[in-house]
**Q** 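Have a look at this one before I ask anything.
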Amino acid sequence: QVQLVESGGGLVQAGGSLRLSCAARTFRNYAMGWFRQAPGKEREFVAAITWSGGNTYYADSAKGRFTISRDSAKNMVYLQMNSLKPEDTAVYYCNTNPPSPGYWGRGTQVTVSS
C-alpha cells in the first residue's frame, strides 16, 4: 500500500518561495502529481511528473513559477514554488496521477501573505 506524506509548507510573503516534499514508501512505477485545495474550493491539479521523470505537466496557474521533480532512489517527489501569490494559499497534496482516492494524505498548508 502506498503511503504519502507531504511536508515543507508554511507562511511566506508574496514573491517568496517554498519547496514541498512528498515521501512515499514505494511509488517508482507511478506517475505522481501535486494537487491543492483552497478554502471553499474544490481540489485542483497543480503539476505532474511521469514515472521516469522525463515529462512534466503544469496547470496554467503554475507554469513558469512551479517546478515538479522526483528522486526515485529516495522515494521523494518535490514541488519548488517560486514567485508565490496570495491565491496560491491552499493545502497541498501529493498523489498518483491521476489521483487515487485511497492515497490522499494529510497535505501541507501553504499560506501566502500579501
Side-chain angles (χ1 to χ4, degrees):
Q1 182 178 359
V2 174
Q3 295 182 349
L4 301 166
V5 180
E6 303 90 348
S7 62
L11 173 63
V12 64
Q13 289 186 334
S17 298
L18 284 173
R19 187 194 193 203
L20 306 184
S21 299
C22 172
R25 285 186 177 182
T26 56
F27 74 120
R28 293 187 181 187
N29 294 326
Y30 292 89
M32 298 297 295
W34 283 97
F35 306 83
R36 68 186 183 185
Q37 187 167 21
K41 296 186 177 180
E42 293 188 354
R43 190 151 38 198
E44 65 178 4
F45 168 80
V46 176
I49 188 167
T50 53
W51 70 270
S52 67
N55 293 93
T56 56
Y57 307 90
Y58 298 93
D60 288 343
S61 59
K63 288 179 181 177
R65 300 188 299 126
F66 295 2
T67 302
I68 188 171
S69 61
R70 69 190 300 164
D71 185 337
S72 295
K74 296 181 179 179
N75 292 333
M76 298 292 293
V77 180
Y78 305 100
L79 185 68
Q80 177 67 43
M81 304 188 296
N82 299 327
S83 302
L84 283 162
K85 304 175 182 179
E87 50 263 44
D88 294 318
T89 295
V91 178
Y92 284 71
Y93 303 87
C94 66
N95 202 324
T96 57
N97 188 57
S100 301
Y103 294 166
W104 292 113
R106 299 178 65 179
T108 186
Q109 175 71 47
V110 172
T111 303
V112 184
S113 63
S114 58

**Q** Do side-chain atoms of Tyr93 reach the backbone of Glu6 as a donor and acceptor pair under 3.5 angstrom?
**A** no

**Q** Answer yes or no: does atom CH2 of Trp51 have more than 12 heavy-atom neighbours from other residues, nucleotides or ligands under 6.0 Å?
**A** no

**Q** Can you tell me how far apart CG (Asn75) and CZ (Phe27) are? Round to the nearest 0.5 Å.
**A**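 It is 5.5 Å, given to the nearest 0.5 Å.
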
**Q** If you measure from CE on Met32 to OG on Ser69, what distance do you get to the nearest 0.5 Å?
**A** 12.0 Å

**Q** Using 0.5 Å steps for rounding, measure from the OH atom of Tyr92 to the OG atom of Ser7.
**A** 15.0 Å

**Q** If I compare all heavy atoms of Lys41 with all of Gln37, which pair ends up nearest, and what's the gap?
**A** O-NE2, 3.1 Å

**Q** Please answer whether the main-chain N or O of Asn55 pairs with a side-chain N or O of Thr50 as donor and acceptor at a distance below 3.5 Å.
**A**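 Yes, because the side chain of Thr50 sits within donor-acceptor range (under 3.5 Å) of the backbone of Asn55.
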
**Q** How long is the span from the OG1 atom in Thr89 to the CZ atom in Arg36, to the nearest 0.5 Å?
**A**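 Going from the OG1 atom of Thr89 to the CZ atom of Arg36 covers 9.0 Å.
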
**Q** With a 4.5 Å heavy-atom cut-off, do Tyr103 and Tyr30 have their side chains touching?
**A**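 Yes - at least one pair of side-chain heavy atoms lies under 4.5 Å apart.
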
**Q** Would you check if Phe35 and Asn97 make a side-chain contact, meaning some heavy-atom pair closer than 4.5 Å?
**A** yes

**Q** Can you confirm whether Met76 sits close enough to Ser21 that some side-chain heavy atom of one is under 4.5 Å from a side-chain heavy atom of the other?
**A** yes

**Q** Looking at every non-hydrogen atom in both residues, tell me the closest pair between Gly107 and Val91 and how far apart they are.
**A**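 What the structure gives for the nearest pair is CA-CG1, 3.8 Å.
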
**Q** Taking the side chain as every heavy atom from C-beta outward, state whether Phe66 and Leu84 have any pair of such atoms under 4.5 Å apart.
**A** yes

**Q** Looking at every non-hydrogen atom in both residues, tell me the closest pair between Ser114 and Ala14 and how far apart they are.
**A** CA-CB, 4.4 Å

**Q** Sorted by first residue and then second, give each salt bridge (Lys or Arg N to Asp or Glu O under 4.0 Å) pair with at least one member in residues 47-70; sequence neighbours left out.
**A**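 Qualifying pairs: Asp60-Lys63, Arg65-Asp88.
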
**Q** Quick one, Met81 and Val12 - any side-chain contact, counting heavy atoms below 4.5 Å?
**A**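 Heavy-atom side-chain distance check fails, nothing below 4.5 Å.
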
**Q** Nearest 0.5 Å, please: how far is CG in Leu79 from CZ in Arg19?
**A**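 Spacing of CZ (Arg19) from CG (Leu79) equals 10.0 Å.
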
**Q** Nearest 0.5 Å please: distance from the CG atom of Leu18 over to the CD atom of Gln80.
**A** 8.5 Å

**Q** Which atoms form the tightest heavy-atom contact between Tyr57 and Phe45, and what is the distance?
**A** O-CZ, 3.8 Å

**Q** When hydrophobic residues are tied together by side-chain contacts of less than 4.5 Å, even through go-betweens, does Val46 share a cluster with Tyr58?
**A** yes

**Q** Any disulfide bond (SG atoms under 2.5 Å apart) involving residues 38-114? Give me the pairs, sequence neighbours left out, ordered by first then second residue.
**A**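 Disulfide bond (SG atoms under 2.5 Å apart) check on residues 38-114 returns Cys22-Cys94.
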
